[in-house]
Amino acid sequence: MEKSNDTHLVEKITHLKEEKDAIILVHNYQRGEIQDIADFLGDSLALSRQAGELTCKMIVFCGVRFMAETAKIISPDKVVLLPRKEASCPMANMINKEELQKMKIKYPEARVVSYVNTTAEIKAESDACCTSANAIAVVQNIDAERVIFIPDKNLANYVSRFTDKEVIPYNGYCYVHVRIRAEDIKKAKKIHPDAVVFVHPECPPEVIELADEVASTAGMLKLARASEARKFIIGTEEGLIYRLKKENPEKKFFAAGPALICRNMKLTRLEDVYLSLKEERYKVEVEDNIASRARKALNEMLKYA
Ligand code: CIZ
Ligand code: SF4
């Protein structure tokens, strides 16, 4: 039988990876065929840790820009490639340095925790970064009673439920997770009354209210593996459902609403990964002065599971 174009591309990618001493890091929201070629597949926290531990020369980061930037900051001596240069996270672009500065002036005694979904410049102006997997721990452990939490208002609101500290939110949001509405969850529960509902903390509060579990993608993977339930309603980007199904073939996973697709995450295709390795594009660079300050905030994030 003739080999498909995808099989050819995968072979070429495997060959180039060896030749260039490269490792492919893939985020849980990527297309299935990209997840399948991952050396490491994970959430931002796990992939950031990997970036720091790897000894290869090159990282191809299949995700969005802030993730590749984070890998470059943590591992500055490696070449870090983002296969599609326009793959960026709209939430990360919702806050700029001037807006953060205004908040710092308004709350001078507060510390700044920034979600990893931010630009390197914002990380450099933050005391600590966090991901959805460890946001509560980072806020609890930071040395201040008042915490400016940027940019996601829904994650800020969720974190504030677990701490006596004052959490001051910014008004950013993820356009994919805010698409999930309470009615979608109610409808899905009616169709699958025996299903367990997992939602991401980037969802609106009224959706979080209806969930059985609120978790990051890494958290959802762990919960699904351990659960006795057979059916799950998943309130996050649909790329995770591909991984959930692959890892739990005996269980059923349903999307919590229509079109939970992050178009930025879906830009990367096999052809892009191949060209990225072949032409060593697109190199991610972070200015030294920004990287050194951002690294401190990221090291705070890496302290917590
Ligand atoms: O932290 C991440 O990787 C994101 C964006 C989602 C999640 O919950 O894992
Ligand atoms: Fe950004 Fe949301 Fe897409 Fe994640 S799913 S990259 S937070 S827009």
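These numbers were taken from a predicted model, which means no experiment stands behind them.
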K.L.:
At their closest point, which heavy atom of P205 faces which heavy atom of N154, and how far apart are they?
P.N.:
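What the structure gives for the nearest pair is CD-OD1, 3.5 Å.
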K.L.:
Should I233 and L244 be regarded as members of a common hydrophobic cluster, given that ILVMFWY residues are connected when their side-chain heavy atoms come within less than 4.5 Å of each other, either directly or indirectly?
P.N.:
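I233 and L244: separate clusters.
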K.L.:
Are L298 and F61 connected in the hydrophobic side-chain network, where two residues link if heavy atoms are under 4.5 Å apart?
P.N.:
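Yes, L298 and F61 fall within the same hydrophobic cluster.
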K.L.:
As an exercise, state the distance from CG of L16 to CD of E280, rounded to the nearest 0.5 Å.
P.N.:
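The CG atom of L16 sits 9.5 Å away from the CD atom of E280.
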K.L.:
Does the side chain of C56 come within less than 4.5 Å of K78's, by heavy atoms?
P.N.:
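In contact.
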K.L.:
Does any N or O in the side chain of K246 come within less than 3.5 Å of the main-chain N or O of G32, such that one atom is a donor and the other an acceptor?
P.N.:
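No, the answer is negative, given that no donor and acceptor are paired below the 3.5 Å cut-off.
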K.L.:
First locate atom CD1 of I23, then atom CE of M58, and finally report the distance between them rounded to the nearest 0.5 Å.
P.N.:
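Answer for the CD1-CE pair, I23 versus M58, is 12.0 Å.
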K.L.:
For the residue pair F254 and H192, categorise the inter-ring angle as parallel (less than 30°), tilted (30 to 60°) or perpendicular (more than 60°).
P.N.:
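Ring orientation of F254 relative to H192: parallel.
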K.L.:
Return yes if some donor-acceptor pair links the side-chain N/O of D43 with the main-chain N/O of T217 below 3.5 Å, else return no.
P.N.:
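It does not hold such a pair.
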K.L.:
Under 3.5 Å, is there a donor-acceptor pair between the S132 and S216 side chains?
P.N.:
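Side chains of S132 and S216: no pair found under 3.5 Å.
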K.L.:
Does any non-hydrogen side-chain atom of M265 lie less than 4.5 Å from one of H27?
P.N.:
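In contact.
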K.L.:
Using a 4.5 Å cut-off on heavy atoms from C-beta on, say whether the side chain of V176 contacts that of I261.
P.N.:
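They are not in side-chain contact.
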K.L.:
Which heavy-atom pair separates I74 from G52 by the least distance, and what is that distance?
P.N.:
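For I74 and G52, the tightest heavy-atom pair comes out as CG2-CA, 3.5 Å.
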K.L.:
So if I apply the side chain to side chain contact (heavy atoms under 4.5 Å, CB included) rule between I136 and each of T163, N141, V159, which one comes out positive?
P.N.:
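The single option meeting the side chain to side chain contact (heavy atoms under 4.5 Å, CB included) with I136 is V159.
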K.L.:
Between E98 and K102, is the salt bridge (Lys or Arg N to Asp or Glu O under 4.0 Å) condition met? List the steps.
P.N.:
CA-CA 6 Å; E98 289 66 42; K102 274 190 221 153; over 6 Å; no
K.L.:
Out of curiosity, does I59 fall in the hydrophobic cluster containing F66 (side-chain heavy atoms, cut-off under 4.5 Å, transitive links)?
P.N.:
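Same cluster: F66 reaches I59 through Ile, Leu, Val, Met, Phe, Trp or Tyr contacts under 4.5 Å.
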K.L.:
Please report the shortest heavy-atom distance between S88 and P90, naming the atom on each side.
P.N.:
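For S88 versus P90, the nearest heavy atoms are O-CD, 3.5 Å.
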K.L.:
Can you tell me if K123 uses its side chain to pair, donor with acceptor, with the backbone of V116 under 3.5 Å?
P.N.:
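The answer is yes, because a donor-acceptor pair under 3.5 Å joins these two groups.
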K.L.:
Under the rule for salt bridge (charged side-chain N to carboxylate O under 4.0 Å, His left out), what residues qualify as partners of R293, not counting sequence neighbours?
P.N.:
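Listed in chain order: E125.
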K.L.:
Going through the checks in order, is the side-chain contact (heavy atoms from CB on, under 4.5 Å) test met by E202 and N117?
P.N.:
CA-CA 11 Å; E202 287 173 16; N117 303 40; 4.2 Å; yes
K.L.:
Is it the case that more than 12 heavy atoms not belonging to K266 sit under 6.0 Å from its NZ atom?
P.N.:
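Yes, enclosed.
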K.L.:
Give, for atom NZ of K153 and atom OH of Y173, the distance between the pair rounded to the nearest 0.5 Å.
P.N.:
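Between atom NZ of K153 and atom OH of Y173 there are 7.5 Å.
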K.L.:
So, do V113 and I148 sit near enough that their side-chain heavy atoms are less than 4.5 Å apart?
P.N.:
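No, too far: nothing below the 4.5 Å cut-off.
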K.L.:
Hey, could you give me the CZ/CG distance between R31 and L267, rounded to the nearest 0.5 Å?
P.N.:
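It is 8.0 Å, given to the nearest 0.5 Å.
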K.L.:
So how far is it from I150 CD1 to I168 CD1, rounded to the nearest 0.5 Å?
P.N.:
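With rounding to 0.5 Å, CD1 (I150) is 12.0 Å from CD1 (I168).
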K.L.:
Quick check: does any side chain N or O of S75 sit under 3.5 Å from a backbone N or O of A71, one acting as donor and the other as acceptor?
P.N.:
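No.
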K.L.:
CG of D194: more than 12 outside heavy atoms within 6.0 angstrom?
P.N.:
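Counting other residues, nucleotides and ligands, CG of D194 exceeds 12 neighbours.
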K.L.:
Is any side-chain heavy atom of S292 less than 4.5 Å from a side-chain heavy atom of D288?
P.N.:
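No - every pair of side-chain heavy atoms lies 4.5 Å or more apart.
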K.L.:
With distance as the sole test, does T14 use its side chain to make a donor-acceptor pair with the main-chain N or O of V10 at under 3.5 Å?
P.N.:
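Present.
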K.L.:
Provide the closest heavy-atom pair for A305 versus N134 in the form atom of the first, atom of the second, distance.
P.N.:
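Looking at all heavy atoms of both residues, the shortest contact is O-CB, 3.1 Å.
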K.L.:
How far apart are the C-alpha atoms of E183 and R181, what are their side-chain angles, what is the distance that settles it, and do they pass the salt bridge (Lys or Arg N to Asp or Glu O under 4.0 Å) test?
P.N.:
CA-CA 5 Å; E183 301 88 270; R181 298 162 313 154; 3.8 Å; yes
K.L.:
State, yes or no, whether a side-chain contact exists between T118 and P151 at a heavy-atom distance under 4.5 Å.
P.N.:
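The answer is yes; the side chains approach within 4.5 Å.
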K.L.:
Compare every heavy atom of V147 with every heavy atom of K165, then report the nearest pair and how far apart it is.
P.N.:
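Closest approach of K165 to V147, heavy atoms only: CD-CG2, 4.3 Å.
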K.L.:
Under 4.5 Å between side-chain heavy atoms, counting indirect links through other Ile/Leu/Val/Met/Phe/Trp/Tyr residues: same cluster for Y170 and Y175 or not?
P.N.:
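Each belongs to a different hydrophobic cluster.
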K.L.:
In terms of heavy-atom contacts, does NZ of K296 have more than 12 from other residues, nucleotides or ligands at under 6.0 Å?
P.N.:
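Open: at most 12 neighbouring heavy atoms sit under 6.0 Å from NZ of K296.
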K.L.:
Provide the full list of salt bridge (Lys or Arg N to Asp or Glu O under 4.0 Å) pairs with a residue in residues 80-95, sequence neighbours left out, each pair given once.
P.N.:
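Sorted pair list: R84-E86, R84-D272.
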K.L.:
Within the distance-only criterion (no hydrogens, no angle test), does the side chain of E237 pair as donor or acceptor with the backbone N or O of C262 below 3.5 angstrom?
P.N.:
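Present.
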K.L.:
Taking all atoms of both residues into account, what is the closest heavy-atom pair of R243 and R225, and its distance?
P.N.:
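That would be NH2-NH2, 4.0 Å.
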K.L.:
Spell out, yes or no, whether Y242 and L47 are grouped together once hydrophobic residues are joined by side-chain heavy atoms under 4.5 Å, including indirect joins.
P.N.:
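Different clusters.
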K.L.:
Using modelled atom types and a 3.5 Å cut-off, is there a donor and acceptor pairing between side-chain atoms of N248 and backbone atoms of E250?
P.N.:
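Not confirmed, N248 side chain does not pair with E250 backbone.
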K.L.:
Any side-chain heavy atom of I34 sitting closer than 4.5 Å to one from I24?
P.N.:
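Heavy-atom side-chain distance check fails, nothing below 4.5 Å.
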K.L.:
For side-chain contact (heavy atoms from CB on, under 4.5 Å), just list the numbers for K57 and V79, CA-CA rounded to whole Å, side-chain angles, deciding distance to a tenth of an Å, and then say yes or no.
P.N.:
CA-CA 6 Å; K57 287 205 186 93; V79 173; over 6 Å; no
K.L.:
Mind running salt bridge (Lys or Arg N to Asp or Glu O under 4.0 Å) on E209 and R161 for me, showing each step along the way?
P.N.:
CA-CA 12 Å; E209 281 310 322; R161 300 178 182 209; 3.3 Å; yes
K.L.:
In Å, rounded to the nearest 0.5 Å, how long is the span from CE of M301 to OG of S114?
P.N.:
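The OG atom of S114 is 9.5 Å from CE of M301, to the nearest 0.5 Å.
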K.L.:
Among M103, E99, K104, find the residue that satisfies the side chain to side chain contact (heavy atoms under 4.5 Å, CB included) test when tested with Q101.
P.N.:
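Passing option: K104.
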K.L.:
With side-chain contact (heavy atoms from CB on, under 4.5 Å) as the test, would you mind laying out the steps for E69 and L82 before giving the verdict?
P.N.:
CA-CA 9 Å; E69 258 180 17; L82 180 67; over 6 Å; no
K.L.:
Which residue is it: L25, T131, T70? I am looking for the one with a side chain to side chain contact (heavy atoms under 4.5 Å, CB included) to S48.
P.N.:
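With S48 as partner, side chain to side chain contact (heavy atoms under 4.5 Å, CB included) holds for just one option, T70.
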K.L.:
Report the relative orientation of the aromatic rings in Y29 and H177; use parallel for angles under 30°, tilted for 30 to 60°, perpendicular for over 60°.
P.N.:
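Tilted.
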K.L.:
Under a 3.5 Å distance rule, please check whether E166 uses its side chain to pair with a backbone N or O of E145 as donor and acceptor.
P.N.:
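No, E166 side chain to E145 backbone: no donor-acceptor pair under 3.5 Å.
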K.L.:
Does the side chain of N157 reach to within under 4.5 Å of the side chain of L155, using non-hydrogen atoms?
P.N.:
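Sidechains of L155 and N157: no contact.
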K.L.:
With no hydrogens and no angle check, is any side-chain donor or acceptor of R111 less than 3.5 Å from a backbone partner on A144?
P.N.:
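Flag not set: sc R111 to bb A144 has no pair under 3.5 Å.
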K.L.:
Before giving the answer on side-chain contact (heavy atoms from CB on, under 4.5 Å), spell out for F149 and C130 the whole-Å C-alpha distance, their side-chain angles and the decisive distance to 0.1 Å.
P.N.:
CA-CA 10 Å; F149 190 100; C130 71; 3.8 Å; yes
K.L.:
If you count every heavy atom of other residues, nucleotides or ligands that lies below 6.0 Å from E53 atom CD, does the total exceed 12?
P.N.:
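Result for CD/E53: enclosed.
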K.L.:
Look at the side chain of S227 and the backbone N and O of A224, then say whether any donor-acceptor pair between them is shorter than 3.5 Å.
P.N.:
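Between the backbone of A224 and the side chain of S227 there is no qualifying donor-acceptor contact (under 3.5 Å).
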